[in-house]
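Keep in mind that what you see is a predicted model, and the values were worked out from it rather than measured. Both ligands and their constituent atoms are indexed starting at 1 by order of listing.
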Amino acid sequence: MALFQSSTCDIPIAPQVPRHIAIIMDGNGRWAKQRFMPRVVGHKRGVETVREVVTACRSLGVEYLTLFAFSSENWRRPADEVTFLMDLFLKMLEHEVSKLHENNIRLKIIGDRSRFDDNLQRHIAEAEQLTQHNSNLTLTVAANYGGRWDILQATHAMLRNRPELASSFTEEDLAPYLSMHYAPEPDLFIRTGGEERISNFLLWQLAYTELYFTDTLWPAFDAAALNLAIQSYQARERRFGRTSDQLHMNGR
Ligand code: IPE
Ligand code: IPE
Ligand code: MG
């Protein structure tokens, strides 16, 4: 199956097990608050959920897992929480990357990294380089990421590279410049924590993704909760604009 299949230019094959799962990991602060603990305890506990979900995805045969860790709007939070999250990100890169590499996992970071300090930027570049040829699972962490930023940066980069496209360009022209150009569009989107919104996540790529919302807070999400989301996905009919009858005639 072609990697760069677009849900609007082509009719993609809907896989039984999602090839690509994208998750908004929400509810860390509320999880901690329910336990009368500072919000940041929830962020720390959330890292354990990341480990469990990565392991579960590998054993299910999911090829791409994309996690929203920090949005372009999360800078609006109190400074001490932002600092804690940056430190946690750095610690994750310092301590987890060797384990990811041993497990043949490729790590990618998407988002505007120019706002991160030099040390964090260096760790990101090194982690991506170390794991770039791994083939078991591609784990993408979206950090200082925004869907609108992504579309704008892609457009700017495309026009810098190919100024002749300024008067007219196609989806196919733009696609290679989007942050997730290396992955198929997500089959399944999960948001934990009860909110039912996209919060400026993968705006372009979620065009035909199946959306799943759960009240479970991210630190309490686990392999069983992931299985429930996948079961919900498997019960859906992905029509990509066609009628149900057409799907049955084509046998899919
Ligand atoms: C998600 O949990 C983590 C980040 C946005 C970094 P929250 O911190 O948003 O937790 P709630 O939504 O306040 O419970
Ligand atoms: C979305 O969660 C971003 C991440 C999980 C990184 P938020 O908690 O920031 O989203 P809103 O503000 O409730 O929409
Ligand atoms: Mg939140």
Side-chain angles (χ1 to χ4, degrees), residues 20-54 57 64-96 107-117 120 123-124 127 138-153 178-180 183 186 188-206 209 211-222 225-226 229:
H20 183 176
I21 300 180
I23 306 182
I24 297 188
M25 310 183 288
D26 197 18
N28 293 348
R30 280 165 285 160
W31 183 89
K33 206 169 171 199
Q34 282 174 0
R35 287 159 183 77
F36 307 102
M37 293 188 289
R39 293 176 52 81
V40 294
V41 175
H43 296 318
K44 229 171 139 182
R45 179 59 187 75
V47 175
E48 285 171 43
T49 306
V50 171
R51 288 195 200 100
E52 180 161 352
V53 168
V54 168
C57 282
Y64 299 87
L65 173 66
T66 302
L67 302 175
F68 204 6
F70 193 88
S71 75
S72 45
E73 290 70 56
N74 284 145
W75 298 104
R76 297 169 183 169
R77 293 190 176 199
D80 56 349
E81 182 167 341
V82 170
T83 304
F84 184 92
L85 287 167
M86 291 301 140
D87 287 348
L88 193 64
F89 189 25
L90 184 63
K91 283 202 185 96
M92 189 211 105
L93 291 168
E94 284 170 344
H95 300 297
E96 308 282 332
L107 182 67
K108 301 282 258 180
I109 311 294
I110 57 167
D112 181 3
R113 56 182 81 174
S114 68
R115 197 158 166 187
F116 298 143
D117 68 38
L120 186 50
H123 275 84
I124 290 172
T138 297
L139 172 63
T140 301
V141 175
N144 193 20
Y145 179 86
R148 291 186 179 180
W149 165 84
D150 195 3
I151 294 166
L152 287 173
Q153 71 74 26
L178 289 161
S179 296
M180 296 228 63
L188 172 62
F189 160 98
I190 299 170
R191 181 170 186 147
T192 63
E195 311 294 353
E196 300 192 350
R197 54 178 170 254
I198 305 290
S199 298
N200 199 15
F201 195 25
L202 302 163
L203 298 179
W204 178 280
Q205 296 83 350
L206 293 175
T209 301
L211 307 180
Y212 178 86
F213 298 95
T214 171
D215 288 336
T216 304
L217 304 171
W218 179 250
F221 195 79
D222 57 12
L226 178 69

- prompt: Looking only at side chains, do Asp80 and Thr83 share a donor and an acceptor under 3.5 Å apart?
  reply: no
Applying side-chain contact (heavy atoms from CB on, under 4.5 Å) to Ala69 and not counting sequence neighbours gives Met25, Val141
[X] vs [Y] aromatic rings, parallel, tilted or perpendicular, using cut-offs 30° and 60°?
X      : Y      : value
Phe221 : Trp218 : parallel
Phe201 : Phe189 : tilted
Phe70  : Trp75  : perpendicular

### Greater than 12 external heavy atoms within 6.0 Å of Arg148's CZ
no
Within the heavy-atom cut-off of under 4.0 Å, ligand 2 is lined by Ile24, Met25, Asp26, Phe68, Ala69, Phe70, Ser71, Asn74, Arg77, Arg191, Arg197, Ser199
The salt bridge (Lys or Arg N to Asp or Glu O under 4.0 Å) partners of Glu48 (sequence neighbours excluded) come to Arg45
Nearer than 2.8 Å to the Mg ion (ligand 3), the protein contributes N, O or S atoms numbering 1
* So Leu107 and Leu93, side-chain contact (heavy atoms from CB on, under 4.5 Å) or not? Walk me through it. -> CA-CA 10 Å; Leu107 182 67; Leu93 291 168; 4.0 Å; yes
So CZ of Phe116 and CG of Leu90: to nearest 0.5 Å the spacing works out to 11.0 Å
The single option from Leu202, Ile110, Ile109 that satisfies side chain to side chain contact (heavy atoms under 4.5 Å, CB included) with Thr140 is Ile110
| Proximity flag Lys33 to ligand 1, non-hydrogen atoms under 4.0 Å | no
